[in-house]
Amino acid sequence: MKFFDLINPFVVATRGNKTLQVFQGCDSRKMSDRPMAWTRRNMEKWAHHSPLTEDVTEQLHFVFLELWCPSEKTCSEQEIAPDLFVSLYNDADLAALPHGIANQRLLIAIAADLLLPDDISTSGLISDLFTLTQPLVCFEFNSPWVVKKDDIFTKSLRDLRVFFKEDWNWDDVPSFDMFDVENTRYEIVASYKVLDGALVKQLNCEPK
């Protein structure tokens, strides 16, 4: 629910309908993965330890979340990229055990024409996300995204694994070296880290 509060100002600034899709297992009840409208109440339906899930939170096994603004259906039918797209993936096996130490990946894609140069609100979002999630690594990309009707292969940002080399070892700490920068359609703009409690943006990062 803290994540809802962080991302909501960006969501309300986008066009059209906004839909949330979540998939997770539960030991004691059937969980729906159908798209839902972006509302606080619908977030509470799946978020662990929310007022609506407190009694079953320990039985929930989160897999992924996707947020489309406008909805995925709208983007597909109109063949437009979303203003905002968010995905959160949790890599786990059938027993809900995590794969490696870098098993959770959060992607936030914002249309470039919605941002101003050195956008303060974006920097604030990244800083707040660092505080909330304490990520192992954070990178900023520029990437084209064309959505064609009924063509799932153009939705390359849906799964962050397409940004990684196929032979990357999931037990290693993430680094610049995991990206295939020679055979790609995206540009790595910057990396982020926290030094002495302050968020530092490093432009044109190089392998280390």
Side-chain angles (χ1 to χ4, degrees), residues 1-14 43 47-50 62-67 69 81-92 97-145 156-208:
M1 298 310 300
K2 293 179 181 178
F3 178 75
F4 178 92
D5 293 329
L6 289 181
I7 200 70
N8 192 53
F10 291 86
V11 175
V12 297
T14 61
M43 282 287 285
H48 298 192
H49 297 290
S50 82
F62 176 82
V63 181
F64 74 83
L65 167 153
E66 285 188 358
L67 168 63
C69 308
D83 290 343
L84 174 68
F85 171 79
V86 176
S87 69
L88 176 62
Y89 279 83
N90 183 41
D91 272 324
L97 297 175
H99 287 152
I101 60 174
N103 51 76
Q104 296 177 341
R105 301 183 306 278
L106 172 64
L107 170 67
I108 301 177
I110 303 174
D113 57 1
L114 293 182
L115 300 176
L116 298 174
D118 299 321
D119 189 276
I120 297 176
S121 61
T122 306
S123 299
L125 173 63
I126 295 173
S127 179
D128 290 340
L129 285 172
F130 260 84
T131 301
L132 179 64
T133 65
Q134 299 181 350
L136 293 173
V137 68
C138 177
F139 289 101
E140 179 182 339
F141 301 92
N142 280 333
S143 175
W145 192 8
S156 60
L157 292 182
R158 293 189 64 173
D159 190 343
L160 193 53
R161 279 175 293 187
V162 301
F163 288 135
F164 297 132
K165 293 179 179 178
E166 293 182 0
D167 59 352
W168 182 52
N169 185 350
W170 292 94
D171 291 321
D172 290 340
V173 175
S175 70
F176 184 94
D177 296 326
M178 66 192 177
F179 296 103
D180 183 359
V181 295
E182 295 181 358
N183 302 295
T184 182
R185 296 168 56 230
Y186 61 84
E187 170 196 8
I188 299 180
V189 177
S191 63
Y192 293 84
K193 58 184 176 181
V194 174
L195 291 178
D196 299 325
L199 183 67
V200 177
K201 181 177 182 179
Q202 180 181 353
L203 298 175
N204 300 320
C205 51
E206 296 293 339
K208 293 182 178 180

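The first residue of the sequence shown is numbered 1, and numbering continues consecutively from there.
- Y89 places none of its side-chain heavy atoms less than 4.5 Å from the side chain of L107.
- Note that CG of L132 and OG of S127 are 11.5 Å apart. Values are rounded to the nearest 0.5 Å.
- The CD1 atom of I110 sits 5.0 Å away from the CZ atom of F10 when rounded to the nearest 0.5 Å.
- Rounding to the nearest 0.5 angstrom, the gap separating the CG atom in D128 from the OG1 atom in T133 is 10.5 Å.
- Nearest heavy-atom pair across T14 and C69 is OG1-CB, 3.3 Å.
- The structure places CE of M1 at 12.5 Å from NE2 of H48, a figure rounded to the nearest 0.5 Å.
- Minimum heavy-atom separation, V189 to F141: CG2-C, 4.1 Å.
- Of all heavy-atom pairs between M43 and F4, the closest is CG-CD1, 3.2 Å.
- Scanning both residues, W145 and A81, for their nearest heavy atoms gives O-CB, 3.3 Å.
- Listed by first and then second residue, the salt bridge (Lys or Arg N to Asp or Glu O under 4.0 Å) pairs involving residues 4-13 are D5-R40 (not counting sequence neighbours).
- Considering CD1 of I108 and CD1 of I7, their distance stands at 4.0 Å, rounded to 0.5 Å.
- From C138, atom SG reaches atom CD of Q202 across 12.0 Å, with rounding to the nearest 0.5 Å.
- Closest heavy-atom contact between A111 and P82: CB-O, 4.2 Å.
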> Can L88 and F62 be said to form a side-chain contact (heavy atoms from CB on, under 4.5 Å), step by step?
Replying inline: CA-CA 10 Å; L88 176 62; F62 176 82; 3.9 Å; yes
